[in-house]
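Convention: sequence-line order gives letters A, B, ...; per-chain numbering from 1.
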Number of protein chains: 2
Amino acid sequence: MPATRATTLKDVAAAAGVSIKTVSNVVNDHPHVRPEMRERVRAFIEQLDYRPNGMGRQLRQGRSGLIALAVPHVTSPYYGELTSALVDAARERGLTLLVEQTDADPDRERQAAEGFGVRMVDGLVFVPLNIPTGVLAERRDRTPAVLIGENGEGADADRVTVDSVAVGDVATTHLLERGRRRIAFLGDKDAERSPVLAQRLAGYRRALQRAGIEVDPQLLRPTPEWERGHGHDAVVELLTARPDVDAIFAANDLLAFGALHALRRLGRRVPEDVAVVGVDDVEESRFCAPTLSTVTLDRTSIAEQALALLAERLDGLDAPPRTLVAEHRLVVRESTGG
Amino acid sequence: MPATRATTLKDVAAAAGVSIKTVSNVVNDHPHVRPEMRERVRAFIEQLDYRPNGMGRQLRQGRSGLIALAVPHVTSPYYGELTSALVDAARERGLTLLVEQTDADPDRERQAAEGFGVRMVDGLVFVPLNIPTGVLAERRDRTPAVLIGENGEGADADRVTVDSVAVGDVATTHLLERGRRRIAFLGDKDAERSPVLAQRLAGYRRALQRAGIEVDPQLLRPTPEWERGHGHDAVVELLTARPDVDAIFAANDLLAFGALHALRRLGRRVPEDVAVVGVDDVEESRFCAPTLSTVTLDRTSIAEQALALLAERLDGLDAPPRTLVAEHRLVVRESTGG
DNA sequence: TTTGGTTCTTCCAACGTTGCAAGGAAGCAT
DNA sequence: ATGCTTCCTTGCAACGTTGGAAGAACCAAA
């Protein structure tokens, strides 16, 4: 690996005995280059393995083609699948995604929103989780941003979201239709911080109310985060407090997986004793035991819509913030009786 | 979102009534700036929300701080966890990771290896899966690269790998110690293309041979890829061909999850009838039903070692390719009887 | 007042690229 | 030969930044 400088336009020009600009014209397929000259230059480009220096090009053109993605963590299946869809959607638009993880830490989410100190990306796709209220509203960075999800209120930015009240309603209603009456809600926490939670919970309440069932506070089980282990622990406590519970609506699939795990360890049959519904429809839900009923959110479409919104801003669109609502759909599997 | 140009050094300089370079000196904490001048300039920087333009800076300095990661897909838990660890490790070194997915497509892997046409990143972290033999050996791009895993032979690049023969051996030996004798291998395919597979299979053969057991070709079950569904399908076929199978060594956890799913649907008890071992120890293996015995690969350490190797190259290290071997360890859970 | 030495600030050039405008060569009709 | 196109090629400038050197201002000592 010799420390040779990378080939530049200048090198190719010198080798071919033409001007830098001619080489540039060949590289960029500009008209008015004699075919033989084009061939000649191409040969040298090939021979010297010239590839344009992105930084020079970007500096000149004022855009980098880079989009920052700030996401809580890629590890979690839902965000992983979303990231994957965004990478592909960006690629299709000739953009490259650069990934930052916030670990759902408010400070790091703030940093992400404010642009990381150095201006390098053309846009931001942001999945906020715990960003303090107001931070987004006061965002000074003029880089276009798109938010994904319901969190991060008051932002002056485009957004792709899901009707989470309806999601909570449809999941709860499904359990009610299966004859369940003591339905726990898994994933409760500080609702002020988390609009997405508040909405799923509101849907749960709405469905119960419509069925004429009182909301039992003991059935609202908090979890510190929405990961498998938290679902497990919350269900262990739940079964102690309310052993008669006959259904669980988990705020996301991971909590549901933890719930299934706990139920199995405690000898409850699913769905006979306790039915379980999640939200997200991550791939695992089609393979876990029992397979999980859940509300599917179309990640591909969310990703594509988010990038479509962003691309318009990159092209200079100056319009008030827009919000797109992605589809959701109940998927019934074994955990609620197929 | 007014289409105002972003603030540059020139703007700050004009506002503060000093030269561009003085502002630059303040931004970069250079000595020889009078404290009061420093303060004055800082105030304008703050007021105008100046942030350095990464592209200009990078062009000048000749490095971008960007590292490309080329990975089959972020969705799969193992790669997702690896990506996550790499993002964090890069961040700690002041680098930013830019993610490309190859979908395990040979052409896209080749593109990744050859640098995507535009020179923009300082380095490459590459997880090859199906790259044609020889492509890496002929790589002309002088951007430093680190490979992760056993695939991609002949590359003139640093590598972080795992002793996959030992991995296959330890998993198979564990099943033998549990008294199993008809042990299937799940994930077979064109071994020439996939050294990692070849090695895990070699470990399987070695363990059987040591136990004096003949390798039964019917127990070597191919799968098109290493995803849950393929594991499921392969096990369905396996049970038809060899209903007497008493253990399955799956080349990775995803195949194992699919296997568990199929076994459950076909009424086989795990581990009583069939014991199952995977490889990777993704989080799901601690929560699936039954929980999965597997061989854990330390992703955090793999990621950190990979970036350490790369960072040395970025600093100009000129040395022959190096290979680091990361640790592995058997984790016993319910699927082999706890 | 001049000199010498600090300390602070500015100027110049360069990183690699591309848009623009001008330069040059060749072909054609006069 | 001259003028006029047309086609191809080149030179210049600029994107925003920073290293290095030159310049200016200031102060202390002669």
Side-chain angles (χ1 to χ4, degrees), chain A residues 3-42 44-45 48-66 115 117-122 142-143, chain B residues 3-42 44-45 48-66 115 117-122 142-143:
Chain A
T4 46
R5 203 174 38 76
T7 316
T8 71
L9 281 183
K10 187 152 54 168
D11 302 323
V12 180
V18 296
S19 80
I20 291 178
K21 191 61 218 298
T22 298
V23 183
S24 168
N25 285 337
V26 172
V27 172
N28 293 75
D29 274 330
H30 279 183
H32 302 314
V33 180
R34 218 179 343 146
E36 60 199 71
M37 172 64 87
R38 194 179 291 277
E39 264 328 294
R40 178 181 162 68
V41 171
R42 269 203 218 294
F44 280 100
I45 288 178
L48 299 177
D49 191 32
Y50 168 77
R51 243 112 24 93
N53 178 315
M55 299 181 275
R57 178 176 278 186
Q58 290 151 22
L59 177 58
R60 177 64 230 241
Q61 302 183 331
R63 45 150 69 203
S64 64
L66 294 173
V118 173
R119 228 179 276 280
M120 178 150 75
V121 299
D122 295 341
R142 303 244 125 273
T143 309
Chain B
T4 46
R5 206 174 34 78
T7 315
T8 72
L9 281 183
K10 187 151 57 167
D11 302 323
V12 180
V18 297
S19 82
I20 292 178
K21 188 65 213 297
T22 298
V23 183
S24 169
N25 284 336
V26 172
V27 172
N28 293 75
D29 275 330
H30 280 183
H32 302 313
V33 180
R34 216 170 352 136
E36 61 199 70
M37 173 64 87
R38 195 177 289 278
E39 264 327 295
R40 177 181 161 68
V41 171
R42 268 201 218 296
F44 279 101
I45 288 179
L48 299 177
D49 190 31
Y50 168 76
R51 243 115 21 95
N53 177 314
M55 300 182 273
R57 177 177 279 184
Q58 290 152 21
L59 178 57
R60 178 64 230 238
Q61 302 183 332
R63 46 148 70 203
S64 65
L66 294 174
V118 173
R119 228 179 276 280
M120 179 150 76
V121 299
D122 296 341
R142 304 243 124 275
T143 309

Specify the separation, in whole Å, of atom [atom1] of [X] and atom [atom2] of [N].
X: A/K10; N: D/dC12; atom1: NZ; atom2: P; answer: 14 Å
X: B/H30; N: D/dT17; atom1: NE2; atom2: C1'; answer: 12 Å
X: B/E36; N: D/dA25; atom1: CD; atom2: P; answer: 16 Å
X: B/R57; N: D/dT17; atom1: CZ; atom2: P; answer: 8 Å
X: B/N28; N: D/dT17; atom1: CG; atom2: P; answer: 10 Å
X: B/L9; N: D/dT17; atom1: CG; atom2: C1'; answer: 7 Å

Would you indicate whether the side-chain heavy atoms of [Y] and [X] approach each other to under 4.5 Å?
X: A/F44; Y: A/V23; result: no
X: B/E36; Y: B/R40; result: no
X: B/N53; Y: B/T8; result: no
X: A/T143; Y: B/R51; result: no
X: A/R38; Y: A/D29; result: yes

Specify the residue among B/R51 and A/T22 whose closest nucleotide of DNA chain D lies further upstream toward the 5′ end. A/T22
Using the C1' atoms of the five pairs at each end, what is the angle between the end axes of the helix from C/dT1-D/dA30 to C/dT30-D/dA1, to 10°?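 Answer for the end axes of this duplex: 70°.
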If every non-hydrogen atom of A/S24 is compared with every non-hydrogen atom of A/L9, which pair is closest and at what distance?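 Result for this residue pair: CB-CD1, 3.9 Å.
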For B/R119 and A/D49, the nearest pair of non-hydrogen atoms, with its separation, is NH2-O, 3.3 Å
Judged by each residue's nearest nucleotide on DNA chain C, which is more toward the 5′ side, B/S19 or B/G56?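 Closest to the 5' end, via its nearest nucleotide, is B/S19.
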Select base, sugar-phosphate, or nothing to describe what A/M55 touches, counting heavy atoms under 4.0 Å on all strands.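 The answer is nothing, as A/M55 stays clear of every strand by at least 4.0 Å.
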For A/N25, report the nucleic acid contact type (base, sugar-phosphate, nothing); a contact means any heavy atom under 4.0 Å. base
Going 5' to 3' along DNA chain C, between which two nucleotides do contacts with chain A fall, using a heavy-atom cut-off of 4.0 Å? C/dG16 to C/dC20
Steps toward side-chain contact (heavy atoms from CB on, under 4.5 Å) verdict (A/M37, A/V41): CA-CA 6 Å; A/M37 172 64 87; A/V41 171; 3.9 Å; yes
Gap separating the CG atom of B/L66 from the CE atom of A/M120, nearest 0.5 angstrom: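 So the CG of B/L66 and the CE of A/M120 are separated by 4.0 Å.
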Less than 4.0 angstrom between a side-chain N/O of A/H32 and OP1 or OP2 of D/dT6, yes or no? no
Tell me whether the OP1 or OP2 atom of D/dT9 has a side-chain N or O from A/R34 closer than 4.0 Å. yes
